[in-house]
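Have a look at the structure below before the remarks.
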Amino acid sequence: MPNNISPWIVVKLGGTSVSRADYWDNLISVLREWRAAGRRVLIVQSALSGITDALEALLKEPSADARRERLVTIEARHAALAREMGVDASAALQPVLATLAADTAQINEDPPPALHARILAAGELLASCLGAAYLRKQGVVVDLCDARTLLRASPLPGQSVRGRYLSAACAVHPEGAFAKRLGADDGFVLTQGFIAADADDGTVVLGRGGSDTSAACFAAALGAERLEIWTDVPVL
């Protein structure tokens, strides 16, 4: 690697590790140490703990009223964390929540895989909005990138339509152009785990536990020096 190119560290944040503001403060101190050591850092964020399960339950609710109640609960969970973080919940979350509400209104007895994937993706999108807002509040320079502009899924031979949307696979190889797409030479890059786009720019997900897979894909594409998987972070 040329001396004038900073090596990359990819850090995947699990749902528990970002569920409280004081956990974020601990994370920030560690991330700044990487930057001080001359590393560029890509943060790959999961949904908050339990949110993907809540979205799966929403998809299975038989009545529109029950689905709306679940939406209220999901929104309240994120709003509570936003208050703890001291960030504007409406500004950070409303665009994703509006899309989630519109998608939820389309649910029927057998939601199509494309709709299923879009609804599950909301967990990572909501969490990363909060993460970016809090980092910026703490004076951290961060570029929030939509993972669907970075990871492209490729269908596997014989894979079903459901599999293509809900258990997607991404083939990646080290490439210099990938790092250039991330930008943010002076700060961190934050993106989502678990989600990607297909050849038609539709939302797909990588299956349960897919955030770890996403982080590995990003690390491979960047030729990263290190990949860290954080699941639970103690407060210092």
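Position 1 is the first residue of the sequence; numbering continues from there. Values reported hereafter were calculated over all heavy atoms of this structure, with side chains retained and with hydrogens, waters and symmetry mates removed.
- Ion pair R152/D201 flagged as a salt bridge, since at least one NZ, NE, NH1 or NH2 atom sits closer than 4.0 Å to an Asp/Glu carboxylate oxygen.
- For Q106, the side chain to side chain contact (heavy atoms under 4.5 Å, CB included) criterion is met by D103, L115, R118, not counting sequence neighbours.
- With hydrophobic clusters built from ILVMFWY side chains whose heavy atoms lie under 4.5 angstrom apart, L59 shares a cluster with V161.
- Heavy-atom minimum distance, G14 versus S46: CA-OG, 3.9 Å.
- Put simply, L13 and V140 are part of the same group of oily side chains (I, L, V, M, F, W, Y) that touch within less than 4.5 Å, one to the next.
- Listed for the D200 side chain is no donor-acceptor partner under 3.5 Å among the backbone atoms of G202.
- We find the CD-OH distance between E84 and Y23 to be 10.0 Å, quoted to the nearest 0.5 Å.
- One distance of note links CD of Q94 with CD of E75; it measures 6.0 Å at 0.5 Å rounding.
- The OG1 atom of T99 sits 11.0 Å away from atom CD1 of I119, with the distance rounded to the nearest 0.5 Å.
- The CG atom of L97 lies 9.0 Å from the CD1 atom of I74; values are rounded to the nearest 0.5 Å.
- Note on V11: it clusters hydrophobically with L27, by side-chain heavy-atom contacts below 4.5 Å among ILVMFWY residues.
- The two residues A147 and F218 make their nearest non-hydrogen contact at CB-CZ, 4.3 Å.
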Donor-acceptor contacts under 3.5 Å from residues 122-133 side chains, at least two apart:
{"from": "E124", "atom 1": "OE2", "to": "A47", "atom 2": "N", "distance (Å)": "3.0"}
{"from": "S128", "atom 1": "OG", "to": "E124", "atom 2": "O", "distance (Å)": "3.0"}
{"from": "S128", "atom 1": "OG", "to": "L125", "atom 2": "O", "distance (Å)": "3.1"}
{"from": "S128", "atom 1": "OG", "to": "Q192", "atom 2": "NE2", "distance (Å)": "3.0"}

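- The hydrophobic cluster containing L135 also contains V30, counting ILVMFWY residues as joined when their side-chain heavy atoms lie under 4.5 angstrom apart, directly or transitively.
- A219 pairs by the side chain to side chain contact (heavy atoms under 4.5 Å, CB included) definition with V10, A224, L227, not counting sequence neighbours.
- A 4.5 Å side-chain heavy-atom check between H78 and I51 finds at least one atom pair inside the cut-off.
- Judged as a side chain to side chain donor-acceptor pair (under 3.5 Å), and not counting sequence neighbours, D88 has no contacts.
- The side chain to side chain contact (heavy atoms under 4.5 Å, CB included) check on E69 picks up nothing, with sequence neighbours excluded.
- A distance of 9.5 Å separates NZ in K137 from CD1 in I28, rounded to the nearest 0.5 Å.
- A21 approaches L81 most closely through the heavy-atom pair N-CD1, 4.2 Å.
- Counted within 6.0 Å of OH on Y134, heavy atoms from surrounding residues, nucleotides or ligands total more than 12; the atom is thus considered enclosed.
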Handout entry: Trace of the side-chain contact (heavy atoms from CB on, under 4.5 Å) decision for L71 with E61
Key = CA-CA 11 Å; L71 277 179; E61 282 289 3; over 6 Å; no
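- Considering every non-hydrogen atom in both A117 and Y165, the closest pair reads CB-O, 3.6 Å.
- Tracing side-chain contacts under 4.5 Å through hydrophobic residues (I, L, V, M, F, W, Y), one reaches V172 starting from W8; they form part of the same cluster.
- Between the side chain of S214 and the backbone N or O of G210 there is at least one donor-acceptor pair closer than 3.5 Å.
- For the pair T191 and C145, the tightest heavy-atom approach, listed with the atom from each and the gap, is OG1-O, 2.8 Å.
- Listed by chain and residue number, Q159, R164 satisfy the side chain to side chain contact (heavy atoms under 4.5 Å, CB included) test with P155 (two or more places apart in sequence, or in another chain).
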Exercise for the section: Could you walk me through whether R40 and R35 pass side-chain contact (heavy atoms from CB on, under 4.5 Å), step by step? Expected result: CA-CA 6 Å; R40 300 186 66 192; R35 286 295 294 164; 3.6 Å; yes
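- For R162, the CZ atom sits in a loose shell: 12 or fewer heavy atoms of surrounding residues, nucleotides or ligands are nearer than 6.0 Å.
- The minimum heavy-atom distance linking I43 with F188 is given by the pair CD1-CB, 4.0 Å.
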Practice task
Decide yes or no on side chain to side chain donor-acceptor pair (under 3.5 Å) for T52 and R208, but give the supporting numbers first.
Solution key: CA-CA 9 Å; T52 303; R208 297 306 294 265; 4.9 Å; no
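- In this structure, the separation between CZ on R226 and CH2 on W34 is 4.5 Å, given to the nearest 0.5 Å.
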